[in-house]
Amino acid sequence: MDEVHAAVQGEPVFQTLADTQHPRTIEPEFFHPIQEKRLLVRKTLIQERSQINHNRTGIHRKPLKPVQLQFVVPADDSTAVDYLTLRFAGENVLKARGLPRPEINVPGLWHSKWSLKAQAPLSWFSTKHSYDPQTGELLHPSSLEQSSDEARQSEGIQVTVAVLPDQRMSRKAFQQLRQELRPYNHVFIKPLSAPERLTTETPQQCWGDVSRIALKILRASGGLPFELAPVPGISSGRHYLGLDVGRNLKEGWSQVALVLVDWRGHVVAKRVEKFEGDTERIPTRVLTETLPEWFAELREVNVHDPVRRAGPLRMTQLVVHRDGRFVGEELEELVGALGSSYRLDLIEIKKDSPLRITTEVHEPHLYQVSPSTALIFNVSATQGKTRPLEIKVHGQTDLLEAARQVYWLSEMRTDELYRPGRLPITTFLADRIANTRGEG
């Protein structure tokens, strides 16, 4: 807060931002709107993700091969089975049970009605696998391995859909389940609908839930709902690196997550490095040795993931997104290790900014606090307090341009259409990986 107060010294309208107890409404003329369209669906530019449904524009890229789904559910959990029936059953089953058919417009992946038909490039294995929700262990792991082999032999793409239990799993059990499913291409879905609503939901109530599942499976099968359109001045050599540290207080170790994203918003590669000690400081060896070696490996590899083929990494500019703030000599070590190989931009992204204001602006917008610091408002807040995302740029990068890039990368989170998160995909994934995985 001292830094914020120093930055806004002498600017009365800025000083109101630092008053967290009495947030003030700031007039629209002090904001920089984000008006340009950057999301690309096929050849159509859209400004909001929900337009994929509303304008029936479809998806940007279909899965390259037919998709086969395998379900993994909690043992003896009838709610999960009912949930799958509602969300994935064919039209005749839904009609017989008097269940609604929620619409989702994802041409090429499913038909416009949420029901699987013979000609749709999506099928599922009739056998459901189960796991112990208390321990996270698969009950018949060999059976899952066999069905996975069958999917590969049929030259399809296998996606394992794991339904989480109604009751929250322990951290240890969830990590065990994640470890059990790690050899398989998998996604996790939550039974968001209460059991008593399963037979009373309307199609409108299902849309958000269905679109979230659809996007998860689409992403896992190598498809893309949308990507970022190119803009003047941004070349294909620009990449973004998300960094975050997760700490295990009980066992006394930490791990740093590295997430590399290209200029279109595609995740190129992810990596986790575990190290001893309970600290937010990224080890020197990770910044000066691991990162350059990792980039060198990516330049040589032609397959970055098991779903789609990609060319070798060609990176000329690197924009580093550090979750929170750079600690100790991290800045200097990054510049020393990578500054001679790439044009380097360094940005701190603080998700827990202390600043609170209200605004009548209804569109995403930016607010410049100082020459190096800006606030990003992803969602308007016409009532109550809104929590901005705070970024700080180190170097000569244009502040507002850097803020716009962070905003558009937040739109590339594909878990759902209607509520993109505050964080860019770089630090969002880095935070989630660093704080949930037990090992790299």
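Numbers here are sequence positions counted from 1.
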> What is the ring orientation for His321 with Tyr240, classed by angle as parallel under 30°, tilted 30 to 60°, or perpendicular over 60°?
Replying inline: tilted
>> On a heavy-atom basis, which atom in Arg178 and which in Phe188 lie closest, and how many Å separate them?
In response: CA-CZ, 4.1 Å
>> If you count every heavy atom of other residues, nucleotides or ligands that lies below 6.0 Å from Arg325 atom CZ, does the total exceed 12?
In response: no
> Once you round to the nearest 0.5 Å, how far does NE2 of His60 lie from CD1 of Ile46?
Replying inline: 11.0 Å
>> My understanding is that only residues two or more places apart in sequence, or in another chain, count here; which of them pass side-chain contact (heavy atoms from CB on, under 4.5 Å) with Pro292?
In response: Ala337, Leu338
> Just checking, any donor-acceptor pair under 3.5 angstrom between side chains of His266 and Glu227?
Replying inline: yes
> When rounded to the nearest 0.5 angstrom, what distance separates CD1 in Ile433 from CD in Gln255?
Replying inline: 9.5 Å
> Should Leu181 and Leu144 be marked as a side-chain contact (heavy atoms from CB on, under 4.5 Å) after you check the CA-CA gap, both sets of side-chain angles, and the distance that decides it?
Replying inline: CA-CA 9 Å; Leu181 297 178; Leu144 182 59; 3.9 Å; yes
>> What's the separation between atom CG in Asp132 and atom CE in Met169, rounded to the nearest 0.5 Å?
In response: 8.0 Å
>> Consider side-chain contact (heavy atoms from CB on, under 4.5 Å). Of Ile347, Leu241, Leu331, Asp244, which one does Arg322 pass it with?
In response: Asp244
> How far does CZ of Phe71 sit from NE2 of His129, to the nearest 0.5 angstrom?
Replying inline: 10.5 Å
> Side chains of Thr160 and Gln158: donor-acceptor distance under 3.5 Å anywhere?
Replying inline: yes
> Between Pro133 and Pro165, what is the shortest heavy-atom contact and its length?
Replying inline: CB-CG, 4.2 Å
>> If you compare all heavy atoms of Leu346 against all heavy atoms of Leu344, which two are closest, and at what distance to 0.1 Å?
In response: CD2-CG, 4.1 Å
>> Between Glu348 and Lys392 (side chain of the first, backbone of the second, donor and acceptor by atom type, cut-off under 3.5 Å), is there such a pair?
In response: no
> Judged by atom type as modelled, is there a donor-acceptor pair below 3.5 Å linking the side chain of Glu330 to the main-chain atoms of Val327?
Replying inline: yes
>> Run Met412 and Trp408 through side-chain contact (heavy atoms from CB on, under 4.5 Å) and show every step you take.
In response: CA-CA 7 Å; Met412 292 309 296; Trp408 283 113; over 6 Å; no
> How long is the gap from OG on Ser148 to CD on Gln68, to the nearest 0.5 Å?
Replying inline: 10.0 Å
>> Within this structure, what is the CG-CD distance for the pair Leu291 and Glu273, rounded to the nearest 0.5 Å?
In response: 9.0 Å
> If you measure only the distance, is there a donor-acceptor pair under 3.5 Å linking the side chains of Gln175 and Gln179?
Replying inline: no
> What pair of heavy atoms forms the shortest contact from Phe275 to Arg285, and how long is it?
Replying inline: CB-NH2, 3.8 Å
>> If we ignore hydrogens and angles and just use 3.5 Å, is the side chain of Arg422 paired with the main-chain N or O of Pro388 as donor and acceptor?
In response: yes
>> Donor-acceptor pair, distance only, cut-off 3.5 Å: does the side chain of Arg38 make one with the backbone of Ala229?
In response: yes
>> For a quick test of reading the model, state the closest non-hydrogen atom pair linking Ser254 to Thr279 and the distance between them.
In response: OG-N, 3.3 Å
> Please walk me through it: do His140 and Gln146 pass side-chain contact (heavy atoms from CB on, under 4.5 Å)?
Replying inline: CA-CA 10 Å; His140 302 286; Gln146 180 181 353; over 6 Å; no
> Yes or no on side-chain contact (heavy atoms from CB on, under 4.5 Å) for Glu36 and Arg404, after CA distance, side-chain angles and deciding distance?
Replying inline: CA-CA 10 Å; Glu36 69 269 24; Arg404 290 188 179 94; 3.6 Å; yes
> For residues Glu333 and Thr284, is any side-chain donor paired with an opposing acceptor at under 3.5 Å?
Replying inline: yes
> Do you know which two heavy atoms are closest between Val406 and Pro424, and how far apart they sit?
Replying inline: O-CB, 3.7 Å
